[in-house]
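Data block below; observations after.
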Amino acid sequence: MTTRFTIPDADAMEALGARLAVLLEAGDLVVLDGPLGAGKTTLTRGLGAALGARGAVTSPTFVLAREHPTASGTPLVHVDAYRLATARELDDLDLDYDGAIVVVEWGAGKLDGVADSWIDVAISRDATDDSRDVTVTGNGPRWRHLDASLAG
């Protein structure tokens, strides 16, 4: 299922992350795609806050992957796949896809065969203001009924 909506600013992007967080559990994969400055890390920051993640949720650009313990005990793994060319390079990070909630920025096309269900979040940012157009697509059996409640 695909849902499209406009997010007016960074605060609303964080709120989208919080709404998404209540749906997630260990083994879930979220793939974020969009240009620099679109709001991928901002969305993940909101997701982390709602999950009770310890430590600042910041872009993992220079470390590639950062694991945040959460209040529930299920870690949030935040990955930046920008510099990775293939799924094989991502696999070399040895991520715990089954025991964590994994969010991969720049992951489109690099996660083939990793999961049978995942959420794609495509973000584009308006050059004239702070708004973003967001498309959320549920893939596979777990996310078949992902609905418009994410729009807020």
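Index from 1, following the sequence.
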Between Arg66 (side chain only) and Val77 (backbone N and O only), is there a donor and an acceptor less than 3.5 Å apart? no
All side chain to side chain contact (heavy atoms under 4.5 Å, CB included) counterparts of Ala50, not counting sequence neighbours: Ala18, Ala21
Which residues satisfy the ring-ring contact (aromatic ring centres under 6.0 Å, His included) test with Trp118, sequence neighbours excluded? none
Residues in salt bridge (Lys or Arg N to Asp or Glu O under 4.0 Å) with Arg125, at least two apart? Asp130
Under the side chain to side chain contact (heavy atoms under 4.5 Å, CB included) rule, collect the residues that match up with Asp129, sequence neighbours excluded. Asp126, Ser131
Please report the C-alpha distance between Asp120 and Val136 in whole Å, then the side-chain angles of each, then the deciding distance to 0.1 Å, and finally whether the side chain to side chain contact (heavy atoms under 4.5 Å, CB included) criterion is met. CA-CA 6 Å; Asp120 281 314; Val136 179; over 6 Å; no
Taking only residues at least two apart or on different chains, which pairs with a member in residues 68-78 satisfy side chain to side chain donor-acceptor pair (under 3.5 Å)? Thr70-Ser72, His78-Glu105
With Glu67 via salt bridge (Lys or Arg N to Asp or Glu O under 4.0 Å) - residues at least two apart: none
Across all chains, not counting sequence neighbours, the side chain to side chain contact (heavy atoms under 4.5 Å, CB included) partners of Ser124 are Asp133
Assess whether side chain to side chain contact (heavy atoms under 4.5 Å, CB included) is satisfied between Ile119 and Thr137, documenting all intermediate values. CA-CA 6 Å; Ile119 298 172; Thr137 305; over 6 Å; no
Treating Ile, Leu, Val, Met, Phe, Trp and Tyr as nodes and any side-chain heavy-atom pair under 4.5 angstrom as an edge, say whether Trp143 and Val103 lie in one connected cluster. yes
Whether Arg132 side chain and Ile123 backbone form a donor-acceptor pair below 3.5 Å: no
Kindly state each residue pair satisfying salt bridge (Lys or Arg N to Asp or Glu O under 4.0 Å) with at least one member in residues 26-35, sequence neighbours excluded. Asp28-Arg142
For Thr135, the side-chain hydrogen bond (donor to acceptor under 3.5 Å, both in side chains) test, sequence neighbours excluded, returns none
Working to the nearest 0.5 Å, report the span between OG1 of Thr41 and CG of Leu36. 9.5 Å
Taking a hydrophobic cluster as the set of Ile, Leu, Val, Met, Phe, Trp and Tyr residues connected by side-chain heavy atoms closer than 4.5 Å, whether directly or through intermediates, do Val31 and Leu64 fall within one such cluster? yes
Please answer: with hydrophobic residues joined when any side-chain heavy atoms are less than 4.5 Å apart, are Leu146 and Leu24 in the same cluster? yes
Could you state whether Val22 and Leu32 fall into the same hydrophobic cluster, counting links through intermediate Ile, Leu, Val, Met, Phe, Trp or Tyr residues with side-chain heavy atoms under 4.5 angstrom apart? yes
Residues 40-56 vs salt bridge (Lys or Arg N to Asp or Glu O under 4.0 Å), sequence neighbours excluded, gives Glu14-Arg45
All side chain to side chain contact (heavy atoms under 4.5 Å, CB included) counterparts of Ala12, not counting sequence neighbours: Ile7, Pro8, Asp9
